[in-house]
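Just below is one structure, and these are the notes that go with it.
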Amino acid sequence: MSMNKNHPYHLVDISPWPILGAISAMTTMMGLIQWFHLYNNTLLMIGLLTTSLIMFQWWRDVTRESTYQGLHTLLVTNGMRWGMILFITSEILFFFSFFWSFFHSSLSPSIEIGLQWPPKGIITFNPSEIPLLNTLILLTSGLTVTWAHHGLMENNYNQALQGLVFTVILGIYFSILQGYEYLEAPFSIADSVYGSSFFMATGFHGLHVLIGSTFLLICLIRHFFNHFSYWHHSGFEAAAWYWHFVDVVWLFLYISIYWWGN
């Protein structure tokens with residue numbers, strides 16, 4: 001793209017990554033279906049590998065455009081902020097559907113599940129054990145990502161770096177504990193509407209934690225290479241907003257499903 005322009009907008013160059021990303025995402029989806037029905041994960045692994053490679057190269061190009069080419073002007077970054085706000089709003093509505101389903105089934109249990117909640121035969125988790133620890137982990141990670149943001153605003157490189165390192169570690173720790181909880185679960189997703197509601201809601205939240213941890217890890221790498229400054233760090237802001245959203249959703253999940261739902 002020619003840098004001689006008389007407007008503040010970013011007109012992107014022709015890129016192969018959107019169409020290739022769509023094809024690799026479709027390959028991943030077909031691989032999941034093949035894994036579920038035929039117990040063959042070869043196509044899934046190919047889809048995940050190609051998607052990861054495309055993500056790396058696409059993000060590399062965006063980093064170049066924003067950091068080295070100066071194409072992300074104030075107007076462009078404001079548009080990206082609004083895009084992130086609208087995306088998080090759509091995610092709130094996504095999780096709202098899970099809470100609606102959970103409360104619909106729990107507040108008025110049907111005769112098919114014995115007119116009681118949790119349904120008879122379901123052994124629930126103790127909310128004072130791993131769920132409470134995971135709650136403390138996510139709340140602490142919210143503090144550390146705010147610490148990192150404060151470090152960026154104060155132009156303090158080390159504080160921002162330490163805050164991001166702690167946040168990524170806590171996010172990975174949360175995922176490990178949730179995986180252990182799933183392995184030790186006394187019920188499965190096939191155990192009535194309780195199992196379906198539990199694993200769909202907490203499972204999608206766990207997926208969002210993995211995405212948020214990846215988001216923050218990329219920010220950590222970029223910060224290590226001095227890509228951020230106190231006035232130009234919209235990518236980090238988007239990651240921090242997303243992480244706070246993950247924190248708040250978990251609080252609702254813990255209170256409603258783990259504590260009240262028991």
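For the numbers below, each heavy atom of this structure counts, side chains included, while hydrogens, waters and symmetry mates do not.
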What I'd like to find out is whether the side chain of [X] reaches to under 4.5 Å of the side chain of [Y], using heavy atoms alone.
X: L75; Y: H7; result: no
X: E181; Y: P131; result: yes
X: E65; Y: H10; result: yes
X: L207; Y: F204; result: yes
X: D191; Y: I122; result: yes
X: I88; Y: M84; result: yes
X: W17; Y: L20; result: yes

From [X] atom [atom1] to [Y] atom [atom2], the distance as rounded to the nearest 0.5 Å:
X: F236; Y: H149; atom1: CZ; atom2: NE2; result: 6.0 Å
X: E129; Y: L177; atom1: CD; atom2: CG; result: 12.0 Å
X: S90; Y: L86; atom1: OG; atom2: CG; result: 8.0 Å
X: T135; Y: L139; atom1: OG1; atom2: CG; result: 6.5 Å
X: L170; Y: L138; atom1: CG; atom2: CG; result: 8.5 Å
X: L44; Y: M30; atom1: CG; atom2: CE; result: 11.5 Å

Is a side-chain donor or acceptor of [X] paired with a backbone partner of [Y] at a separation under 3.5 angstrom?
X: T144; Y: S141; answer: yes
X: T89; Y: I85; answer: yes
X: E237; Y: H233; answer: no
X: H227; Y: H223; answer: no
X: S66; Y: T63; answer: yes
X: H72; Y: T67; answer: no
X: S101; Y: F98; answer: no
X: T73; Y: P8; answer: yes
X: S196; Y: V193; answer: no
X: Y258; Y: L132; answer: no

Check [X] against [Y] and note the closest heavy-atom contact, atom names and distance.
X: S24; Y: T51; result: OG-OG1, 3.2 Å
X: G235; Y: C219; result: O-SG, 3.9 Å
X: I257; Y: A201; result: CD1-CB, 3.8 Å
X: I113; Y: S105; result: CD1-O, 4.4 Å
X: L253; Y: T202; result: CD1-CA, 4.4 Å
X: W241; Y: R81; result: CZ3-O, 3.8 Å

Results of side-chain contact (heavy atoms from CB on, under 4.5 Å) for N155 - residues two or more places apart only:
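Here the qualifying residues are Y230.
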
Greater than 12 external heavy atoms within 6.0 Å of [X]'s [atom1]:
X: F224; atom1: CZ; value: no
X: Y157; atom1: OH; value: yes
X: W35; atom1: CH2; value: no
X: F166; atom1: CZ; value: no
X: L107; atom1: CG; value: yes
X: Y173; atom1: OH; value: no
X: F99; atom1: CZ; value: yes

Answer with yes or no whether the hydrophobic clustering places [X] together with [Y]; edges join I, L, V, M, F, W, Y residues whose side-chain heavy atoms lie under 4.5 Å apart.
X: I172; Y: V165; result: yes
X: Y194; Y: I130; result: yes
X: L152; Y: F225; result: yes
X: I137; Y: Y182; result: yes
X: I218; Y: L164; result: no

Begin with the C-alpha distance, continue with both residues' side-chain angles, and end with the deciding distance and a verdict on side-chain contact (heavy atoms from CB on, under 4.5 Å) for V76 and M80.
CA-CA 6 Å; V76 172; M80 290 180 173; 3.9 Å; yes

Given H208, which of W243, F215, W250, F94 fulfils the side-chain contact (heavy atoms from CB on, under 4.5 Å) condition?
F94

Between F103 and W260, is the ring centre distance below 6.0 Å?
yes

Does H205 have its ring centroid less than 6.0 Å away from the ring centroid of F174?
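Distance test on ring centres: under 6.0 Å, yes.
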
Could you give me the CA-CA distance, side-chain angles and deciding distance for F198 and F187, then say whether ring pair (Phe, Tyr, Trp, His ring centres under 6.0 Å) is met?
CA-CA 10 Å; F198 177 87; F187 57 91; 5.2 Å; yes

